[in-house]
Visitor: 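Can you keep this structure in mind? I'll have questions shortly.
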There are 2 protein chains.
Amino acid sequence: MNANISTRLLYAFIALDDLKHFTRAAERCHTSQSAFSVMIQKLEAAVGAKLFERDTRNVTLTPEGELFAEVARSLVSEIESAFDDMSDYVARRRGRVSVAALPSLAANGLPAVIAEYKKLYPGVAVTLYDALSDQCLSLLRQGKVDLVLTAPGANFLEFDSKTLCSDPFYVVCRRDHPLAKKRIVHVNKLAGHEIIHLAKSSSVRQHVDILLRDVQTVHSGFEVEHLATVAGLVEQGLGITLVPELTLFQFRQLDLVAIPLDAKDLMRPILIAKRKGQSLSIAAQAMLELIEKQIGPTGSRRKYQNV
Amino acid sequence: MNANISTRLLYAFIALDDLKHFTRAAERCHTSQSAFSVMIQKLEAAVGAKLFERDTRNVTLTPEGELFAEVARSLVSEIESAFDDMSDYVARRRGRVSVAALPSLAANGLPAVIAEYKKLYPGVAVTLYDALSDQCLSLLRQGKVDLVLTAPGANFLEFDSKTLCSDPFYVVCRRDHPLAKKRIVHVNKLAGHEIIHLAKSSSVRQHVDILLRDVQTVHSGFEVEHLATVAGLVEQGLGITLVPELTLFQFRQLDLVAIPLDAKDLMRPILIAKRKGQSLSIAAQAMLELIEKQIGPTGSRRKYQNV
DNA sequence: GTCAATTACGTTCTCCGTAAGGATG
DNA sequence: CATCCTTACGGAGAACGTAATTGAC
């Protein structure tokens, strides 16, 4: 008794059980009647028992056939539902994607992408974490998220990553500030100005420090955690600040001006990362592709220029 | 996505999931590694998704692969248990046989057969009905029993039947009866004797009437239902009786003598019958064969001669 | 350079369909 | 004699194994 059954045999059996007629059952199975006859014989050999009592007139189940009929029908339905299930995942009718992103990206670029994604694949559950870079990467390491959008820190070799876009820096100041009228500001022009900083741990600050390495600016004494705080401080005229484009939304509503910084070579790269050597689920792959398409390397400056 | 999967593919998948190594998994599946590689590709095509992430060093499941792993393992275990189940039936380790028989056969020949059967196939449940011929056949018609052991009545063409043995008639009388000393009695010698009869509806009586068609016997006036009653009456010297060999056990214990009747051509045939055009279960087939072997046409006279 | 999966390719074998055979009512 | 399952047989396609190739460490 060799249990190497294919689903075709099970379908053949069920067809014959339903129709009790070789010729018609063969038709249902899209095969010739002789081939069908052989298939039934094969199945009987595999099972080790005669399953149908047949002469040229009648086809009936043997007692073992009746037993097998239950088995076969339940197996087929299990197989079908299993495959339907798989097919749902493959077709992204079901599934799950988890993305972690820096708050700036989570608030700014991603919602549109996620909205589009949900429109395309309404059955897929999308989870979004907004967290600082380290936390994002920790989530990725733990397998809690499929994708991470962040600015590069140390140890990026641990992951498969790809630059999505480069986030250029802007000077943000009050409308009545001397710089406010400029169309573009060179880094050197920042000398002597009071700068409101973010905390040293932030990735933005690290870039700013590099930008201002050779410029003699004045430290305002403020090192705050949140951009909203920075915005408040700037609005009160306590200084100006340097932030990447993707965070400019934090300064909207206020009477502030954002001026592109002329330091094209020193932009904050935005990376998308996934676990190394581990492939993405089909749902996650689709998310990755959509993110790459929508937050590609092109066109981001234009979009967010007006604060 | 074509769901025509064979169990071999599932086993291949599971082997690779277990071993994470094509070469070793191929060995477990008794196939070459190249064939195995193709099998996995086939499975992936059938499922419609890449199931393993592999390079020459590492083999890991993709997210879809993990999903499929659950599916595959559960399917395989279902298939295996289903086939094991069938195989139990085929090997008569499990099953059910129901037999209906005339009380004389149920009490006499069958218990030994059933005991032997239970010894051979302890897992098969055996049910025995002892009933009169009509009831037996009714049970068979309803499908409540697989086999019937009875003496032929009308309408036996309705069933597939086969003569098992012929049940010769005996004269039963008291030890002090004139016939008691005979080694064999010819029908003619019964003339003038008082006969205790069974009811007209019994198959035994119908045969007796034929036997005695041309013999002038005296009717004792008794027409009773049960052989035990006949036995009691005979023991009290109220007459003699004619019964087939298989009922003689009813007269044991009593001080009676059974003498073979010299009427070889007029024996009660015992038939075994099953439903027409419906094959027996494997368990029932085995029972039929055992019955034929043990209650065959030979040797029955010897066995029951001494009352 | 070695180990391991994939691809190439020729052989074998299985499977299918046409057609003949045989049984049944 | 008509129906319809089984068997026979030849060809097409699939699967397999050997061996060459590619790729990773």
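None of the values given here were measured: they were computed from a predicted structure. Throughout, protein chains are lettered first and strands after them, A, B, ... in sequence-line order, and every chain is numbered starting at 1.
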Visitor: A/M39 CE to D/dT6 P: how many Å, rounded?
Guide: 13 Å
Visitor: Between A/N58 and A/T31, who's closer to the 5' end of DNA chain C by nearest nucleotide?
Guide: A/T31
Visitor: Using the side-chain heavy atoms of A/K42, tell me which of these nucleotides is nearest: D/dC5, D/dC16, C/dC15.
Guide: C/dC15
Visitor: By the 4.0 Å heavy-atom rule, please label B/T23 as base, sugar-phosphate, or nothing.
Guide: sugar-phosphate
Visitor: Between A/D84 and A/R93, does any NZ, NE, NH1 or NH2 come within less than 4.0 Å of an OD or OE carboxylate oxygen?
Guide: no
Visitor: Is the closest basic N to carboxylate O distance between A/E44 and A/R54 below 4.0 Å?
Guide: yes
Visitor: Side chain of A/R57 only, heavy atoms from C-beta on: which candidate in D/dG17, D/dT3, C/dA5 is closest?
Guide: D/dT3
Visitor: Looking only at the side chain of A/S37 (C-beta and beyond, no hydrogens), which of the listed nucleotides C/dT6, D/dG17, D/dT7 gets closest?
Guide: D/dT7
Visitor: Side-chain donor-acceptor pair under 3.5 Å between B/S133 and B/T150, yes or no?
Guide: yes
Visitor: In whole Å, I'd like the distance from the NE2 atom of A/H21 to the C1' atom of D/dT3.
Guide: 8 Å
Visitor: When the distance from CZ of B/R8 to C1' of D/dA15 is rounded to whole Å, what number comes out?
Guide: 9 Å
Visitor: Identify which nucleotide among C/dG25, D/dG17, D/dA24 has an atom closest to any side-chain atom of B/D55, counting heavy atoms from C-beta outward.
Guide: D/dA24
Visitor: Which part of the nucleic acid does B/R54 contact within heavy-atom distance under 4.0 Å: base, sugar-phosphate only, or nothing?
Guide: sugar-phosphate
Visitor: Identify which nucleotide among D/dT18, C/dA5, C/dT24 has an atom closest to any side-chain atom of B/S34, counting heavy atoms from C-beta outward.
Guide: D/dT18
Visitor: Can you check the B/F22 CZ to D/dG17 P distance for me, whole Å?
Guide: 15 Å
Visitor: Given atom NZ of A/K276 and atom P of D/dA24, what is their separation to the nearest angstrom?
Guide: 13 Å
Visitor: Mind checking if A/R24 touches a base, just sugar-phosphate, or nothing, with heavy atoms under 4.0 Å?
Guide: nothing
Visitor: Using whole Å, report how far CD of A/E53 lies from P of D/dT6.
Guide: 11 Å
Visitor: Below 3.5 Å, does any donor atom in the side chain of B/Q33 face an acceptor in the base of C/dA5, or the other way round?
Guide: yes
Visitor: To the nearest 0.5 angstrom, please state how far the CD1 atom of A/I272 sits from the CG atom of A/L164.
Guide: 5.0 Å
Visitor: Rounded to whole angstrom units, what separation is found between the CG atom of A/L9 and the P atom of C/dT14?
Guide: 15 Å
Visitor: Is a side-chain donor or acceptor of B/D130 paired with a backbone partner of B/A106 at a separation under 3.5 angstrom?
Guide: no
Visitor: When the distance from CD of A/Q41 to C1' of D/dC4 is rounded to whole Å, what number comes out?
Guide: 14 Å
